[in-house]
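Everything on this sheet refers to the single structure shown next.
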Amino acid sequence: MTNKEKAYHITYLKMALVWATLSKSKRKKVGALVVKNGVIISDGYNGTPTGFPNDCEDIDGNTHWYVLHAEANAILKTARSTQDISGSTLYVTLSPCKECCKLIIQSGIKKVIYIEEYRDLDGIKILKTAGIEILKISDL
């Protein structure tokens, strides 16, 4: 990876961190960007579906089952647009879970770049098995 490529990766990850601040989650704020050919084509953060109250946790602090992860929101947002995300790169502040990895594989995303590892690394294993390039950059 060249210095220029790393600089772009870091910039997109920093933007994903800013996007994460929009999340109403009290437990973990996560942001994601989908970039194709140097253009941001989608974005997302973890939160509730459109029309739901914005509280992500119940009164006991448990995450509601219907909360969408940042990468799922970014991928699903393209379903309502004309954007084709096949061949794109997903920048996400936290490595994807197994469920989101299925969406990543099916959407045609070819590279995932993240900052911090999720507690369950099975998602990363699934992505590698699918031939998706994985890169962790935590030195922002």
Requested in this report: Would you confirm whether S42, through its side chain, and A74, through its main-chain N or O, come within 3.5 Å as a donor-acceptor pair?
Outcome: yes

Query raised in the report: Any luck finding a side-chain donor-acceptor pair between E57 and S25 under 3.5 Å?
Result: yes

**Report entry** Over all atoms of both residues, closest heavy-atom pair of V30 and A70
**Finding:** O-CB, 3.3 Å

**Report entry** Whether over 12 other heavy atoms sit under 6.0 Å from N62 CG
**Finding:** yes

Query raised in the report: Same cluster or not: are V39 and V18 linked, directly or through other Ile, Leu, Val, Met, Phe, Trp or Tyr residues, by side-chain heavy atoms under 4.5 angstrom apart?
Result: no

Report task. Enter the distance from L68:CG to Y45:OH here, rounded to the nearest 0.5 Å. Result -> 11.0 Å

Query raised in the report: Can you find a heavy atom in the side chain of E71 that is under 4.5 Å from one in the side chain of I109?
Result: no

Query raised in the report: Between S23 (side chain) and A20 (backbone), is there a donor-acceptor pair under 3.5 Å?
Result: no

Query raised in the report: Considering residues, nucleotides and ligands other than K136, do more than 12 of their heavy atoms fall under 6.0 Å from its NZ?
Result: yes

Please table the atom pairs, donor to acceptor, closer than 3.5 Å between any side-chain atom in residues 118-127 and protein atoms at least two apart or in another chain.
from	atom 1	to	atom 2	distance (Å)
D120	OD1	D122	N	2.9

Query raised in the report: Within the side chain of K36, is there an N or O that forms a donor-acceptor pair under 3.5 Å with the backbone of S86?
Result: yes

Report task. Kindly write out the residues that satisfy side-chain hydrogen bond (donor to acceptor under 3.5 Å, both in side chains) with T82, not counting sequence neighbours, or none if the list is empty. Result -> none

Query raised in the report: Is there a side-chain contact between L140 and L17 (heavy atoms, below 4.5 Å)?
Result: yes

Query raised in the report: Do the side chains of I41 and V92 join up, straight or via other hydrophobic residues, at under 4.5 Å, putting them in one cluster?
Result: yes

Report summary line: Rounded to the nearest 0.5 Å, the CG atom of L90 sits from the CD1 atom of I85 at a distance of 8.0 Å

Query raised in the report: Does any N or O in the side chain of K77 come within less than 3.5 Å of the main-chain N or O of D43, such that one atom is a donor and the other an acceptor?
Result: yes

**Report entry** Common cluster, V34/I134, ILVMFWY with side-chain heavy-atom separation under 4.5 Å
**Finding:** yes

Query raised in the report: Any link between Y91 and I115 through a network of hydrophobic side chains (Ile, Leu, Val, Met, Phe, Trp, Tyr) touching at under 4.5 Å?
Result: yes

**Report entry** Minimum-distance pair of heavy atoms, taken over all atoms of P96 and C101
**Finding:** CB-SG, 3.7 Å

Query raised in the report: Is it true that atom CD of E5 has more than 12 heavy atoms of other residues, nucleotides or ligands lying nearer than 6.0 Å?
Result: yes

Report summary line: Rounded to the nearest 0.5 Å, the CG atom of L103 sits from the SG atom of C97 at a distance of 8.5 Å

Query raised in the report: Which of parallel (below 30°), tilted (30 to 60°) and perpendicular (above 60°) describes H64 and Y66?
Result: parallel

Report task. Please examine the side chains of L135 and K6, heavy atoms only from C-beta on, and report whether any two atoms are closer than 4.5 Å. Result -> no

Report task. Report, as yes or no, whether the 6.0 Å neighbourhood of atom CG on N3 holds more than 12 heavy atoms from other residues, nucleotides or ligands. Result -> no

Query raised in the report: According to a 4.5 Å side-chain heavy-atom criterion applied to Ile, Leu, Val, Met, Phe, Trp and Tyr, with indirect links allowed, do V35 and L76 form part of one hydrophobic cluster?
Result: no

Query raised in the report: How many angstroms lie between CZ in F52 and OG1 in T50, if you round to the nearest 0.5 Å?
Result: 9.5 Å

Query raised in the report: Closest approach of T48 and D55, non-hydrogen atoms and distance?
Result: CG2-O, 3.6 Å

**Report entry** Sub-4.5 Å side-chain heavy-atom contact between T93 and W19
**Finding:** no

Query - Between NE2 on residue H69 and SG on residue C100, distance to nearest 0.5 Å - result: 5.5 Å

**Report entry** Value rounded to 0.5 Å, distance of CG in L33 from CG in L13
**Finding:** 8.5 Å

